[in-house]
Student: 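Pasting in a structure now, in structure tokens, and then I'll have a few things to ask.
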There are 2 protein chains.
Amino acid sequence: MTKQRALILQIVQSTHEHLTAEQIFLEARKKMPTIALATVYNSLNYLCENHMIEKIGFTGQTDRYDKMLVRHDHKLCEKCGAISDVIIDGLKEYIEEKNGSDVLSYDLTVHHLCPTCRAAAKS
Amino acid sequence: MTKQRALILQIVQSTHEHLTAEQIFLEARKKMPTIALATVYNSLNYLCENHMIEKIGFTGQTDRYDKMLVRHDHKLCEKCGAISDVIIDGLKEYIEEKNGSDVLSYDLTVHHLCPTCRAAAKS
DNA sequence: AATTAGATTTGGAATCGTTCTAAATATATT
DNA sequence: AATATATTTAGAACGATTCCAAATCTAATT
């Protein structure tokens, strides 16, 4: 674990946002102005391989990175694009029950309207 | 609906595979050797916007395109990368029940071992 | 049938996100 | 301290996608 990797990890861990590599790079440069973009990608890949963070992808968007907390999925606001976390209890079991029992894991993106956009839509 | 768009639509509709834009381009050139890659992308975007086909994305992979049949999701083999269709009945309702009732839609990717890889792993 | 207007296609350049490469640097081992 | 190994840096290269301007097609109008 190098200084660079620790910094990248800390950036991903200390936000509730779901940052892109570019955003993480810009953030990292504030603390370490000489860090290279390649190092950011390298570190992100390293941290993913070692299950310290997670890469998440939404169709048609660049990948984002998320800290590893309890296993969770994501909600994406159809209107403003805001991303939030969501936990659906028992979903793995539900999928297994419907599909047979060979589920290793799953990725779920729930499309919705966030509270702000929902309120705006009502008026 | 132009000749080019009709051809792209026909290619996506007449396969069970989940082709990338590049694969569709190569296929299209067999029938229409002068078609441009830009036209393939243009047509794919047009067909998606008009809900005639669907773009699907897996984290860390280029996007693929799928025909519009009954609403379904995808299984991805962890070992060989094979993609197959899956229908999980009542999943929208299950997610709504667990999460509140503001689900517009969802994308699900189930990670598993396909029958072939599963058989190979057992031995 | 010729003219025009609008949409689409073509081919190539441009862009974006990501990975690769080679040289420099840092870290760990003898 | 000398060596070997891993990591970083900076920039080039790459793959996927979009943009652009010119050419072509389509449909409507004369």
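Per chain, numbering begins at 1; letters A, B, ... match sequence-line order.
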Student: Applying side-chain hydrogen bond (donor to acceptor under 3.5 Å, both in side chains), name anything that partners A:Thr20, two or more places apart in sequence or on another chain.
Tutor: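 With neighbours one apart ignored, the set is A:Gln23.
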Student: Calculate the interatomic distance between B:Asp63 atom CG and C:dC16 atom P; express it in whole Å.
Tutor: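 In whole Å, C:dC16 P lies 18 Å from B:Asp63 CG.
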Student: To the nearest Å, give me how far apart CZ (A:Arg5) and P (D:dT9) are.
Tutor: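 So the two atoms are 11 Å apart, to the nearest Å.
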Student: Rounded to whole Å, please give me the gap between CG in B:Asn42 and P in C:dG11.
Tutor: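 Atom-to-atom, B:Asn42 to C:dG11, this comes out as 14 Å.
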Student: In whole angstroms, how far is the P atom of D:dT8 from the CE atom of A:Met32?
Tutor: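 So the CE-P distance, A:Met32 to D:dT8, works out to 9 Å.
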Student: If you look at every strand shown and take non-hydrogen atoms under 4.0 Å, does A:Leu37 touch a base, only sugar-phosphate, or nothing?
Tutor: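 Contact class for A:Leu37: base.
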Student: Report the distance from atom CZ of A:Phe25 to atom C1' of C:dG17, rounded to the nearest whole Å.
Tutor: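 That distance rounds to 13 Å.
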Student: May I ask you to decide whether B:Asp73 forms a salt bridge with B:Lys75, counting only side-chain N to carboxylate O separations under 4.0 Å?
Tutor: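 Looking at B:Lys75 together with B:Asp73, the answer is no, because their closest N to O distance does not fall below 4.0 Å.
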Student: Output all residues satisfying side-chain hydrogen bond (donor to acceptor under 3.5 Å, both in side chains) with A:Glu78, sequence neighbours left out; order by chain, then residue number.
Tutor: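 Applying side-chain hydrogen bond (donor to acceptor under 3.5 Å, both in side chains) to A:Glu78 gives A:His111.
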Student: Indicate, with a heavy-atom threshold strictly under 4.0 Å, whether A:Thr2 touches base, sugar-phosphate, or nothing.
Tutor: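 If one applies the 4.0 Å heavy-atom cut-off, A:Thr2 turns out to touch the sugar-phosphate alone, with no base involved.
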Student: Choose from C:dT9, D:dT17, C:dT10 the nucleotide whose nearest atom is closest to any side-chain atom of B:Thr34.
Tutor: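 The nucleotide sitting nearest to the side chain is C:dT10.
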Student: Starting from P on C:dA7, measure out to CG on B:Asn50 and report it in whole angstrom.
Tutor: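 That distance rounds to 15 Å.
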Student: From C-beta outward on A:Gln4, which listed nucleotide comes closest to its side chain: D:dT17, C:dT9, D:dT9?
Tutor: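 Closest of the options to the side chain of A:Gln4: D:dT9.
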Student: Roughly, in whole Å, what's the span from CD1 in A:Ile8 to C1' in D:dT8?
Tutor: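 The answer, rounded to whole Å, is 12 Å.
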Student: Please pick, from D:dA16, D:dT8, C:dC20, the nucleotide with the shortest atom-to-atom distance to any side-chain atom of A:Ala38.
Tutor: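 Closest nucleotide among those given: C:dC20.
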Student: Quick one: which of D:dT18, D:dT7, C:dG17 gets closest to the side chain of A:Tyr41?
Tutor: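 My answer, after comparing the listed nucleotides, is C:dG17.
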Student: Would you say the side chains of B:Asp85 and B:His16 form a donor-acceptor pair under 3.5 Å?
Tutor: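 Distance-only check fails for B:Asp85 and B:His16.
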Student: From C-beta outward on A:Thr39, which listed nucleotide comes closest to its side chain: C:dG11, D:dT8, C:dT18?
Tutor: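 From the listed options, D:dT8 comes nearest.
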Student: From C:dG11, D:dT26, D:dT8, pick the nucleotide closest to the side chain of B:Lys3?
Tutor: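 Out of C:dG11, D:dT26, D:dT8, the nucleotide with an atom closest to B:Lys3's side chain is D:dT26.
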Student: Should B:Lys98 and A:Asp89 count as an ion pair when the cut-off is N to O under 4.0 Å?
Tutor: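 Not counted as a salt bridge, because no side-chain N and carboxylate O are separated by less than 4.0 Å.
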Student: Which whole-number value in Å describes the distance from B:Glu22 CD to D:dG15 C1'?
Tutor: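 After rounding, the reported distance stands at 9 Å.
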